[in-house]
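See structure below.
Small disclaimer: the values here were computed from a predicted structure and weren't measured.
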Amino acid sequence: SIIFLLTLTLVIWQPKGLSIGWSACGGAVVALIAGVVDFTDVIEVTSIVWNATLAFIAIIIISLILDEIGFFEWAALHMARAAKGNGVRICLCKYTWCSCGCFFCKRRSSSYPYTDSISNGSRLKFSDKMIFPFIIASGFIADTTSLP
């Protein structure tokens with residue numbers, strides 16, 4: 001319990017810019033050294049989750065590529081154009097976009113590019129107050145539409 005709580009504290013707190021990955025790896029190594037888990041546990045868990053992990057990594061890579069070529073900003077600008085300046089229409093376009101992506105990709109992780117599509121649309125010039133509801137609601141929509 002102490003190893004878990006210390007690791008979780010470091011992951012949340014991130015002292016001096018310590019990356020989440022380093023904190024998690026440190027906690028894992030300490031758990032291995034302390035004998036809380038052994039390598040057979042690691043192999044068993046890896047055999048259970050390897051396919052989901054690879055799918056998650058693939059989604060991240062595809063999202064990074066699409067973001068790099070400007071796909072999400074392009075989508076955000078087209079949603080804004082289709083909404084004709086109406087906030088309710090922007091919400092509907094945004095959430096339809098997010099819902100379809102999460103439903104067909106079957107992963108909540110696929111929601112993050114959709115979440116950023118409006119907030120990263122730098123040419124839309126939305127204020128932080130205007131962006132916040134989009135981000136929060138996108139998370140809820142991603143969770144809901146990835147369930148089926």
Side-chain angles (χ1 to χ4, degrees), residues 1-80 87 90-148:
S1 295
I2 292 170
I3 295 170
F4 171 74
L5 291 174
L6 181 62
T7 303
L8 186 61
T9 300
L10 290 174
V11 164
I12 294 170
W13 180 31
Q14 296 181 2
K16 296 185 181 187
L18 182 66
S19 170
I20 293 170
W22 287 111
S23 299
C25 286
V29 168
V30 170
L32 277 168
I33 292 170
V36 176
V37 295
D38 58 17
F39 282 107
T40 57
D41 295 329
V42 173
I43 292 169
E44 183 177 342
V45 169
T46 302
S47 70
I48 294 169
V49 300
W50 70 270
N51 55 354
T53 304
L54 286 180
F56 183 65
I57 291 169
I59 289 169
I60 291 171
I61 291 170
I62 291 168
S63 297
L64 289 171
I65 291 169
L66 289 173
D67 189 40
E68 187 66 29
I69 65 172
F71 175 76
F72 297 116
E73 187 165 348
W74 172 84
L77 292 171
H78 280 282
M79 283 185 279
I90 289 176
C91 280
L92 291 175
C93 289
K94 168 79 174 94
Y95 301 141
T96 301
W97 169 254
C98 182
S99 298
C100 290
C102 295
F103 181 78
F104 290 111
C105 290
K106 308 278 192 276
R107 300 267 185 258
R108 282 189 297 273
S109 58
S110 65
S111 71
Y112 301 116
Y114 305 112
T115 301
D116 290 341
S117 64
I118 287 290
S119 59
N120 285 343
S122 57
R123 290 185 267 175
L124 296 177
K125 304 213 184 325
F126 285 171
S127 69
D128 289 343
K129 186 177 180 180
M130 206 170 163
I131 292 170
F132 186 71
F134 287 104
I135 293 171
I136 296 300
S138 292
F140 288 122
I141 287 178
D143 284 341
T144 304
T145 56
S146 66
L147 290 175

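Crowding of I2 atom CD1: a count of heavy atoms from other residues, nucleotides or ligands under 6.0 Å not exceeding 12.
In this structure, D38 contributes its side chain and D41 its backbone to a donor-acceptor pair below 3.5 Å.
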N/O donor-acceptor pairs under 3.5 Å from side chains in residues 7-36, not counting sequence neighbours:
{"from": "T7", "atom 1": "OG1", "to": "I3", "atom 2": "O", "distance (Å)": "2.8"}
{"from": "T9", "atom 1": "OG1", "to": "L5", "atom 2": "O", "distance (Å)": "2.7"}
{"from": "S19", "atom 1": "OG", "to": "G21", "atom 2": "N", "distance (Å)": "3.3"}
{"from": "S23", "atom 1": "OG", "to": "S19", "atom 2": "O", "distance (Å)": "3.4"}

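Residues passing the side-chain hydrogen bond (donor to acceptor under 3.5 Å, both in side chains) test with T46: none are found, sequence neighbours excluded.
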